[in-house]
Peer 1: 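Have a look at this one before I ask anything.
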Amino acid sequence: MKKEERKAIKIGLALGGGGARGYTHLGILKALDEAGIHVDLFAGTSMGALTAALYLQKGSAQAAINHLEKVLHEQRTVARVMSAYTPSGNDLSSTARLLRRMMEVLVVNRALHSSALLSDKYLIEAVEALIAPGRVEDLPLATVATDLISGKGVALCRGDLHQAVMASSAIPGFFPPVKWDEMLLTDGEVTDLVPVDVCRYIGADLVIAVEVLQDLRPRPVSPRTLEVLLRSVSLTVQRLGQTALTRADIVIRPVKSDVQWSDFHRLDGLIEEGESAAREALPQIRELMMNTRTLKTFDREEFLRNHLIV
């Protein structure tokens, strides 16, 4: 279907967080580009915010993928640091298990004496390498963060683009929160796992939501401190996020493989999973584009009770 053939509705893409699993966002955008389906508005949480900004600046999914590959090849600092926190399996050697145990001790010690496990310089370097300077309001984008002071979700619709993406991506505990006016902002996943309602607020009629976190099926969990913490947070965030997903018109869950949020080396496979999932959803997307009577409604007043708009 050519872009000019679709009805005059605004299509919004709500991209969730999930670390490296967010690479699938680019695969989804690549499939939509190839199908001629134009996305009018983007709302992104964490990795979703970074991906959306990268895509919009580069003008196509393939150009964004090319740039991401270049940056990952040249700047591996963040990927190496994050990979150290990947929950381990039973196949690790005794030496590897010992090293991970030592890492946990260091993590706990640092957590007691600093605002975050990592310096914000790592996040700054990653964002500046991937995204050019700019303003949020110059893009059809809202990045989503969480205000630790009010406890509300925050839709950042204007302001410095680098700061907005950093605020949305400041993983609690790993990176320090970002000061923004009177707010103290951290990762948007805390309040908006997938920012469906933010996407509607900025004007989307048809919302495609992309959830990339791991599913909630039972899996072995080591009693190690850090793994227990990560698993607990993941369960809480996902349970809270399922309600918002019911308000999307289409939900795409592209990640089929067992990928951890810190597996930043698995770019190619995750992009392919995103492409495959989007192609499967194309018939449903086209049907909704033609039959808008079935689109979901939006409770604006309820949204504004729980969110701040910048």
Side-chain angles (χ1 to χ4, degrees), residues 12-29 42-55 64 68 78-79 82 85-87 116 118 122-123 126-127 130-131 136 141-148 152-156 163-178 185-199 207-216 229-245 248 251-255 259-264 266-267 270-271 273-274 277 307:
L13 196 59
L15 301 176
R21 297 164 70 85
Y23 286 157
T24 55
H25 295 327
L26 289 173
I28 288 169
L29 285 163
F42 292 79
T45 291
S46 195
M47 189 65 169
L50 189 149
T51 302
L54 175 60
Y55 171 82
L68 177 58
V78 174
M82 290 298 194
Y85 301 102
T86 304
L118 302 176
Y122 297 115
L123 187 55
V127 171
L130 286 166
I131 301 172
V136 181
L141 169 68
T143 73
V144 183
T146 300
D147 177 27
L148 292 173
K152 294 184 177 183
V154 181
L156 299 169
Q163 284 290 104
V165 173
M166 284 176 55
S168 182
S169 308
I171 304 170
F174 281 87
F175 294 113
V178 174
L185 303 182
T186 193
D187 198 315
E189 283 187 25
V190 177
T191 49
D192 292 88
L193 172 64
V194 183
V196 173
D197 292 333
V198 174
C199 205
V207 175
I208 304 168
V210 183
E211 189 211 5
V212 297
L213 290 186
Q214 289 174 307
D215 60 42
L216 300 178
L229 175 62
L230 292 174
R231 176 65 170 170
S232 299
V233 172
S234 177
L235 290 170
T236 301
V237 167
Q238 290 184 74
R239 294 290 188 192
L240 292 174
Q242 298 311 304
T243 300
L245 289 173
V251 179
I252 301 177
R253 295 181 172 88
V255 183
V259 179
Q260 302 295 337
W261 64 274
S262 51
D263 286 343
F264 289 94
R266 299 176 67 170
L267 176 62
L270 287 167
I271 288 176
E273 291 190 23
H307 288 80

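One-based numbering along the sequence shown.
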Peer 1: Quick one: pull up CG in Leu13 and CD1 in Ile252 and give me the separation to the nearest 0.5 Å.
Peer 2: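 Those atoms lie 7.5 Å apart.
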Peer 1: Going by the rule side chain to side chain contact (heavy atoms under 4.5 Å, CB included), which residues pair with Thr191 if we only count those two or more places apart in sequence or in a different chain?
Peer 2: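 Per chain and number, Thr191 pairs via side chain to side chain contact (heavy atoms under 4.5 Å, CB included) with Thr146.
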Peer 1: Looking at every non-hydrogen atom in both residues, tell me the closest pair between Ser168 and Ala49 and how far apart they are.
Peer 2: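 Of all heavy-atom pairs spanning Ser168 and Ala49, the closest is OG-CB, 3.6 Å.
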Peer 1: Side chains of Leu29 and Phe42: does their closest heavy-atom pair fall under 4.5 Å?
Peer 2: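 In short, these two side chains touch, coming nearer than 4.5 Å.
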Peer 1: Output all residues satisfying side chain to side chain contact (heavy atoms under 4.5 Å, CB included) with Asp197, sequence neighbours left out; order by chain, then residue number.
Peer 2: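 Scan of Asp197 (side chain to side chain contact (heavy atoms under 4.5 Å, CB included), adjacent residues dropped) gives Arg247, Phe298, Phe303.
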Peer 1: Going by the side chain to side chain contact (heavy atoms under 4.5 Å, CB included) test, name the single residue among Thr186, Val198, Asp147 that passes it with Val154.
Peer 2: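 That would be Asp147; it is the only one of Thr186, Val198, Asp147 passing the side chain to side chain contact (heavy atoms under 4.5 Å, CB included) with Val154.
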Peer 1: What is the distance from atom CD1 of Ile131 to atom CG of Leu50, rounded to the nearest 0.5 Å?
Peer 2: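 Output value for this atom pair is 4.0 Å.
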Peer 1: With rounding to the nearest 0.5 angstrom, report the CG to CD distance, Leu15 to Glu211.
Peer 2: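 If I round to the nearest 0.5 Å, the distance is 12.5 Å.
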Peer 1: Treating His25 as the side-chain partner and Gly16 as the backbone partner, does any N or O pair qualify as donor plus acceptor under 3.5 Å?
Peer 2: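 Such a contact is found between His25 side chain and Gly16 backbone.
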Peer 1: To check you understand the geometry: which heavy-atom pair defines the closest contact between Leu148 and Pro177, and what is its length?
Peer 2: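 Scanning both residues, the minimum pair turns out to be CD1-CB, 4.0 Å.
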Peer 1: Between Ser46 and Asp187, do the side chains contain a donor N or O and an acceptor N or O under 3.5 Å apart?
Peer 2: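 Yes - a donor-acceptor pair under 3.5 Å links their side chains.
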Peer 1: Using the side chain to side chain contact (heavy atoms under 4.5 Å, CB included) criterion, which residues pair with Ala167? Sequence neighbours excluded.
Peer 2: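 Expected list: Ala145, Leu156, Val178, Leu185.
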Peer 1: Specify the closest pair of heavy atoms between Ala14 and Val194, including all atoms of both residues, with the distance to one decimal.
Peer 2: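 Smallest interatomic distance, heavy atoms only, reads O-CG1, 3.4 Å.
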Peer 1: Quick check: do Val212 and Met47 have side-chain heavy atoms less than 4.5 Å from each other?
Peer 2: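 Result no, sub-4.5 Å side-chain heavy-atom pair not found.
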Peer 1: Search all heavy atoms of Ala43 against all heavy atoms of Pro195 and return the closest pair with its distance.
Peer 2: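 Shortest heavy-atom contact: O-CG, 3.4 Å.
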Peer 1: Between Pro176 and Ala170, which heavy-atom pair has the shortest distance, and what is it?
Peer 2: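 Nearest pair, atom of Pro176 first, then Ala170: O-CB, 3.7 Å.
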Peer 1: Roughly how far apart are Thr143 OG1 and Asp192 CG, rounded to 0.5 Å?
Peer 2: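 Going from OG1 on Thr143 over to CG on Asp192, the span is 11.0 Å.
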Peer 1: Are the side chains of Leu193 and Thr45 in touch, meaning some heavy atoms are under 4.5 Å apart?
Peer 2: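 When only atoms from C-beta onward are counted, Thr45 and Leu193 do not touch, as no gap falls below 4.5 Å.
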